[in-house]
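See below for the structure under consideration.
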Amino acid sequence: MNEEHSKAQELSSQAALLVQNGKMAEARKLFFQASKLESAAIQQTPDSQPRAKGILVISYVSMLFKARRYNYAQTVISVHLAQGYLPPSARKALNDLRKLIRKFQK
């Protein structure tokens with residue numbers, strides 16, 4: 001997709017290893033850093049590429065979830081769903097993520 005997305009995926013992989021080693025606080029920081037890179041990747045992807053943009057938005061929200069930034073993730077979901085460029089599969093995935101996040105916010 002682009003360089004920011006690749007970097008975000010690398011950080012996410014590093015964070016997953018930290019989770020496996022029980023270093024949750026460090027992992028959450030890396031997931032949040034990765035989410036910022038994914039946000040930049042979204043900004044660089046034109047709306048005329050809805051499938052690619054949808055994949056990036058789902059990844060972005062997933063990283064925010066893993067970073068335990070639940071309110072922020074909910075806001076991102078709302079913003080991107082409101083813009084209307086996402087394909088149905090991405091919209092469904094975001095709505096599913098919204099439901100999951102709500103369970104953790106309680």
Side-chain angles (χ1 to χ4, degrees):
M1 292 193 180
N2 61 36
E3 188 174 336
E4 282 76 14
H5 176 67
S6 295
K7 289 178 183 176
Q9 293 302 303
E10 287 176 27
L11 284 179
S12 182
S13 294
Q14 291 174 16
L17 290 174
L18 289 170
V19 169
Q20 289 177 352
N21 291 315
K23 298 179 180 180
M24 301 305 292
E26 292 174 52
R28 285 193 298 273
K29 288 178 186 177
L30 281 185
F31 280 127
F32 189 59
Q33 288 175 10
S35 76
K36 292 178 186 180
L37 290 167
E38 209 71 296
S39 177
I42 293 166
Q43 298 303 316
Q44 294 176 6
T45 305
D47 291 353
S48 63
Q49 296 179 346
R51 184 177 177 278
K53 203 153 187 169
I55 291 167
L56 291 170
V57 173
I58 293 164
S59 179
Y60 179 30
V61 171
S62 296
M63 289 178 194
L64 288 171
F65 172 73
K66 292 174 186 177
R68 295 189 182 174
R69 302 291 180 112
Y70 304 132
N71 291 334
Y72 192 4
Q74 292 282 22
T75 300
V76 169
I77 291 169
S78 296
V79 167
H80 286 281
L81 287 176
Q83 292 179 13
Y85 58 80
L86 296 174
S89 59
R91 298 177 73 76
K92 182 185 181 320
L94 289 175
N95 280 314
D96 290 346
L97 280 167
R98 175 181 276 162
K99 290 175 190 173
L100 176 65
I101 292 166
R102 284 182 181 152
K103 289 180 183 179
F104 282 84
Q105 286 180 304
K106 293 180 180 183

Handout entry: Closest contact, heavy atoms only, Ile101 versus Val61
Key = CD1-CG1, 4.1 Å
Practice task
Determine, step by step, whether Arg28 and Arg69 satisfy the side chain to side chain contact (heavy atoms under 4.5 Å, CB included) criterion, reporting the C-alpha distance in whole Å, the side-chain angles of both residues, the deciding distance to 0.1 Å, and the verdict.
Solution key: CA-CA 9 Å; Arg28 285 193 298 273; Arg69 302 291 180 112; over 6 Å; no
Practice task
Please tell me if the side chains of Arg68 and Tyr70 come closer than 4.5 Å, counting only heavy atoms from C-beta onward.
Solution key: yes
Practice task
Determine whether Leu37 and His5 make a side-chain contact, defined as any pair of heavy atoms from C-beta on separated by less than 4.5 Å.
Solution key: no
Problem - Same apolar cluster: Phe32 and Phe65, side chain cutoff 4.5 Å - result: yes
Exercise for the section: Please check if Ile77 and Tyr85 belong to a single hydrophobic cluster, counting links between Ile, Leu, Val, Met, Phe, Trp and Tyr side chain heavy atoms closer than 4.5 Å. Expected result: yes
Exercise for the section: Starting from the C-alpha separation in whole Å, work towards a yes-or-no answer on side chain to side chain contact (heavy atoms under 4.5 Å, CB included) for Lys7 and Leu11. Expected result: CA-CA 6 Å; Lys7 289 178 183 176; Leu11 284 179; 5.8 Å; no
Exercise for the section: Grab the two heavy atoms, one from Leu86 and one from Pro50, that are nearest each other, plus how far apart they are. Expected result: CD2-O, 4.5 Å
Handout entry: Contact check, side chains of Ile42 and His80, non-hydrogen atoms, under 4.5 Å
Key = yes
Problem - Side chain to side chain, Lys66 and Ser35, heavy atoms closer than 4.5 Å - result: no
Problem - Contact summary for Thr45 and Ala52, nearest pair of heavy atoms - result: CG2-CB, 4.2 Å
Handout entry: Cluster link Leu56 to Val79, ILVMFWY, side chain under 4.5 Å
Key = no
Problem - Heavy-atom check, side chain of Gln9 versus side chain of Glu38, under 4.5 Å - result: yes
Practice task
State, with a plain yes or no, whether a side-chain heavy atom of Lys36 is found less than 4.5 Å away from one of Met63.
Solution key: no
Problem - Note, Arg98 side chain near Ser78 side chain (heavy atom, < 4.5 Å) - result: yes
Practice task
State, yes or no, whether a side-chain contact exists between Asn71 and Gln105 at a heavy-atom distance under 4.5 Å.
Solution key: yes
